[in-house]
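In what follows, chains are A, B, ... by sequence order, proteins preceding strands, each numbered from 1. Fair warning: this is a prediction, and the values are worked out from it, not measured in the lab. Only heavy atoms go into these numbers, but all of them, side chains included; no hydrogens, no water, no symmetry mates.
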2 protein chains.
Amino acid sequence: MTMPTEADIAATASLLDALGHPGRLSVVLALHTNGALSVSALCALVGLEQSAMSHQLRVLRDARLVQAQRQGKQMLYSLHDHHVAHIVADALSHIREN
Amino acid sequence: MTMPTEADIAATASLLDALGHPGRLSVVLALHTNGALSVSALCALVGLEQSAMSHQLRVLRDARLVQAQRQGKQMLYSLHDHHVAHIVADALSHIREN
DNA sequence: ACAACACATGAGCTTGCATTCATATGAATG
DNA sequence: CATTCATATGAATGCAAGCTCATGTGTTGT
């Protein structure tokens, strides 16, 4: 790991901050497990109301953790890339050893 | 990755939340790079005042990310385990590819 | 025992986040 | 083209995070 710049640190902190929320983390885990999902499906799985979910999905999009594509009336959300799953897996394994 | 429980998700989210702060993340990176450091050394490296640093160090301790041992008048902080570095490294590599 | 140093803690303040409510946008369908 | 379904957005609110300031606790040295 080469020395991170301040910008790297800020960007990384905001990435981790985006994941540091039970609802948003659940979304990421749900997408990792199930592949692409609609907003209403995510609401049902995670237990957030539609509006709250939309707000949190925007945070995840801004953090480039998820991406959305329209499919008819629905929006299908999926993970943005493979790093996301990796980060979450490490964090989970940290938790389970303590 | 086996299915996480709700408690796992909550614990993981708070772990990531603890890292999702530039000052705290800088502390973790500094400890990873330099090994154990005193509070005043961390203040100098990270750029937080002593009181603010102590408050943030408590968050990191509560999240079991760092541990402290007294050495004379000083407190020496170090990373709690190897997972921490791993999580941060992944997050950094995610940032650098985007 | 007291003074100085290193750090922790608590109160108070400001600011930002997460939710809710109301409303807007966008697509399909009759 | 008006209505309905799916999602997004904006304003308002409640609450917690993070900082500063003042003070407390623990340790060394004299």
- Mind checking who C/dG30 pairs with, Watson-Crick or G-U wobble, both distances under 3.5 Å?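 When the pairing criteria are applied, D/dC1 turns out to be the nucleotide that pairs with C/dG30.
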
Rounded to whole angstroms, how far apart are [atom1] on [X] and [atom2] on [N]?
{"X": "A/L57", "N": "D/dT9", "atom1": "CG", "atom2": "P", "result": "11 Å"}
{"X": "B/Y77", "N": "C/dA6", "atom1": "OH", "atom2": "P", "result": "15 Å"}
{"X": "A/M75", "N": "C/dT25", "atom1": "CE", "atom2": "P", "result": "16 Å"}
{"X": "A/D62", "N": "C/dG16", "atom1": "CG", "atom2": "P", "result": "17 Å"}
{"X": "A/L60", "N": "C/dA18", "atom1": "CG", "atom2": "C1'", "result": "13 Å"}
{"X": "B/Q56", "N": "C/dT9", "atom1": "CD", "atom2": "C1'", "result": "14 Å"}
{"X": "A/L48", "N": "C/dA18", "atom1": "CG", "atom2": "C1'", "result": "10 Å"}

- Message: Please enumerate all residues that pass ring pair (Phe, Tyr, Trp, His ring centres under 6.0 Å) together with B/H21, with sequence neighbours excluded.
- Response: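 Result, ring pair (Phe, Tyr, Trp, His ring centres under 6.0 Å) vs B/H21: none returned.
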
Interatomic distance, [X] atom [atom1] to [Y] atom [atom2] [nearest 0.5 angstrom]:
{"X": "A/L48", "Y": "A/S26", "atom1": "CG", "atom2": "OG", "value": "8.0 Å"}
{"X": "A/T12", "Y": "A/I87", "atom1": "OG1", "atom2": "CD1", "value": "8.5 Å"}
{"X": "A/L42", "Y": "A/Q56", "atom1": "CG", "atom2": "CD", "value": "12.0 Å"}

- Item | Stretch residues 36-43 of chain A: residues that reach within less than 4.0 Å of DNA chain D through a heavy atom |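 Within this stretch, A/S38, A/V39, A/S40 sit under 4.0 Å of the strand.
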
- Message: Assess the residue pair A/R61 and A/R58 against the criterion (side chain to side chain contact (heavy atoms under 4.5 Å, CB included)); give the C-alpha distance rounded to whole Å, side-chain angles, the decisive distance to 0.1 Å, and a yes or no.
- Response: CA-CA 5 Å; A/R61 267 184 286 132; A/R58 183 155 64 134; 3.6 Å; yes

- Can you see which heavy atom on B/L16 is nearest to which on A/G20, and at what distance?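 Of all heavy-atom pairs spanning B/L16 and A/G20, the closest is CB-CA, 3.9 Å.
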
- Message: How close do A/P4 and B/L29 get, counting heavy atoms only, and between which atoms?
- Response: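 The pair with the smallest heavy-atom distance is CG-CD1, 3.8 Å.
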
Interface polar pairs with nucleotides 21-24 of chain C, N/O, under 3.5 angstrom:
{"residue": "C/dC21", "atom": "N4", "partner": "A/S51", "partner atom": "OG", "Å": "2.6"}

- Task: Specify the residues of residues 5-28 of chain B, ordered by number, for which at least one heavy atom lies under 4.0 angstrom from an atom of DNA chain C.
- Result: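 Going residue by residue through residues 5-28 of chain B, none turns out to have a heavy atom under 4.0 Å of DNA chain C.
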
- Task: Please determine, for the side chain of A/R58, which listed nucleotide (C/dC7, D/dT9, C/dT9) has the closest atom?
- Result: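 Taking heavy atoms from C-beta onward, the closest nucleotide is D/dT9.
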
- Item | Test of ring centre spacing under 6.0 Å for A/H86 and A/H32 |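 Centroid separation for A/H86 and A/H32: 6.0 Å or greater.
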
Just the table, please: protein N/O against nucleotides 26-30 of chain C N/O, every pair under 3.5 Å.
none

- Query: Excluding sequence neighbours, so at least two apart, what forms side chain to side chain contact (heavy atoms under 4.5 Å, CB included) with A/E49?
  - Reply: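 With sequence neighbours excluded, A/E49 shows a side chain to side chain contact (heavy atoms under 4.5 Å, CB included) to no residue whatsoever.
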
